[in-house]
Engineer: 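Would you mind keeping the following structure in view while I ask a few things?
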Amino acid sequence: MIKREFFERDAEVVARELLGKILMRNLNGKIMKAKIVETEAYYNEKDPASRACKNGDLKETMKMKGGNILVYGVHANWLMNIVTGNEGKAEAVLLRALEPLNFKAKTSGPGLLCKALGIDKGFHKKEIPNDELWLEDSKEKFEIIAGKRIGVKKDLSRNLRFYIKENKWVSRK
DNA sequence: AGGAAGATCTACT
DNA sequence: GTAGATCTTCCTA
């Protein structure tokens, strides 16, 4: 089981290391397992993307200590993030795509994976790990590709999207 | 109270 | 490839 302290580091580092990890979800007594195959890093300071850099609850949540779950609602979808860095840092990592291991569902997109795992606003501001959601380590080796973030209107000139090479569940090539 | 924007998805061509 | 639906949150009056 991955401890909360795992997330108390730079968002980009956490985003890279999250790839290949196994996301565990206890949904009504059934354990769902899914491998993380795509992530994006978000920085509040100087990050023009999204309303997370504006005032409000999202900004406050991103400033919390690493390991808190942040659920962002947009376009009729819930997107799941995990806050990274120490308290006051305002960073987070978005989970963009998973590979289902012991169930069948579409998880090749940030909105889809939340729907598949039953993630909604109820997880907002919860710590990970918790009773219903946690992460397990993996020894698998693979190649990581870095690229520009998807769907963002004003992106930074940095590669903050990471995904596993040649994985069919990645949301976009 | 109302409006607009937004890190999306689906369906159709 | 593009258009349209969809809904939460934040901003303004």
Engineer: Report the nucleotide, chosen from dT9(C), dT8(B), dC11(C), that has the shortest atom-to-atom distance to any side-chain atom of Asn55(A).
Structural biologist: dC11(C)
Engineer: Distance check needed: dT9(C) P versus His124(A) NE2, whole Å only.
Structural biologist: 8 Å
Engineer: Applying the 5.5 Å / 30° rule, does Tyr42(A) stack onto the base of dA7(B)?
Structural biologist: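 Yes, aromatic ring over the base.
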Engineer: Return the CE to CE distance between Met24(A) and Met1(A), rounded to the nearest 0.5 Å.
Structural biologist: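 It comes to 9.0 Å.
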Engineer: Of the nucleotides dT9(C), dC11(C), dA7(B), which has the atom closest to the Lys54(A) side chain?
Structural biologist: dC11(C)
Engineer: Who does dT6(C) pair with, Watson-Crick or G-U, both distances under 3.5 Å?
Structural biologist: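 Across all strands, not a single nucleotide pairs with dT6(C).
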Engineer: Going hydrophobic residue to hydrophobic residue with side-chain gaps under 4.5 angstrom, can you get from Leu70(A) over to Tyr43(A)?
Structural biologist: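 They do not share one cluster, since no chain of ILVMFWY contacts under 4.5 Å joins Leu70(A) to Tyr43(A).
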Engineer: Starting at atom CD1 of Ile150(A), determine the distance to atom C1' of dT8(B), rounded to an integer number of angstrom.
Structural biologist: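 One finds 12 Å between C1' of dT8(B) and CD1 of Ile150(A), rounded.
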Engineer: To the nearest angstrom, how far is Glu40(A) atom CD from dT8(B) atom P?
Structural biologist: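 Distance check: Glu40(A) CD to dT8(B) P gives 8 Å.
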Engineer: Please determine, for the side chain of Ala76(A), which listed nucleotide (dA7(B), dC9(B), dC7(C)) has the closest atom?
Structural biologist: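 The listed nucleotide nearest to Ala76(A)'s side chain is dC7(C).
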Engineer: Output the rounded distance in Å from CG (Asn81(A)) to P (dT9(C)).
Structural biologist: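 Computing the Asn81(A):CG to dT9(C):P distance gives 14 Å.
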Engineer: Among dT10(B), dA7(B), dT9(C), which nucleotide sits nearest the side chain of Leu112(A)?
Structural biologist: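 Side chain of Leu112(A) sits closest to dT10(B).
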Engineer: Quick one: label Arg96(A) by what it contacts on the DNA or RNA (base, sugar-phosphate, nothing), any heavy atom closer than 4.0 Å.
Structural biologist: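 Sugar-phosphate: the residue Arg96(A), judged by heavy atoms under 4.0 Å, touches backbone atoms but no base.
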Engineer: Rounded to whole Å, how long is the line connecting atom NZ of Lys154(A) with atom C1' of dA5(B)?
Structural biologist: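 Between C1' of dA5(B) and NZ of Lys154(A): 12 Å.
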Engineer: Provide the Watson-Crick or G-U wobble partner of dA7(B), both distances under 3.5 Å; none if there is no partner.
Structural biologist: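 Across all strands, not a single nucleotide pairs with dA7(B).
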Engineer: Heavy atoms under 4.0 Å, any strand shown: does Val152(A) hit a base, just sugar-phosphate, or nothing?
Structural biologist: sugar-phosphate
Engineer: Cation-pi check for Phe6(A) against Lys3(A): NZ or CZ below 6.0 Å from the six-membered ring centre and within 45 degrees of the axis, yes or no?
Structural biologist: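 Verdict for Phe6(A): no cation-pi partner in Lys3(A).
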Engineer: Any side-chain N or O of Lys153(A) under 4.0 Å from OP1/OP2 of dA5(B)?
Structural biologist: no
Engineer: Starting at atom NZ of Lys115(A), determine the distance to atom C1' of dC9(B), rounded to an integer number of angstrom.
Structural biologist: 9 Å
Engineer: Just so I know, are the side chains of Asn77(A) and Tyr72(A) near enough to count as touching, which here means a heavy-atom distance under 4.5 Å?
Structural biologist: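 The answer is no; the side chains never approach within 4.5 Å.
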Engineer: Using whole Å, what does the distance between atom C1' of nucleotide dC7(C) and atom NZ of Lys121(A) come to?
Structural biologist: 12 Å
Engineer: Is the closest basic N to carboxylate O distance between Glu17(A) and Arg9(A) below 4.0 Å?
Structural biologist: yes
Engineer: What is the distance from CG of Leu113(A) to C1' of dT8(B), rounded to the nearest Å?
Structural biologist: 12 Å
Engineer: Which listed nucleotide (dC10(C), dT8(B), dG6(B)) is nearest to the side chain of Asp57(A)?
Structural biologist: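 In terms of side-chain proximity for Asp57(A), the closest of dC10(C), dT8(B), dG6(B) is dC10(C).
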Engineer: Between Arg149(A) and Tyr42(A), is NZ or CZ placed under 6.0 angstrom from the six-membered ring centre and within 45° of the ring axis?
Structural biologist: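 Yes, a cation-pi geometry.
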Engineer: Let's test your reading of the model: under 3.5 Å, does the base of dA7(B) pair with the side chain of Asn77(A) as donor and acceptor?
Structural biologist: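 Answer no: no donor N or O sits under 3.5 Å from an acceptor.
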Engineer: Can you see if the side chain of Lys106(A) gets near the phosphate of dC9(B) - specifically, an N or O under 4.0 Å from OP1 or OP2?
Structural biologist: no
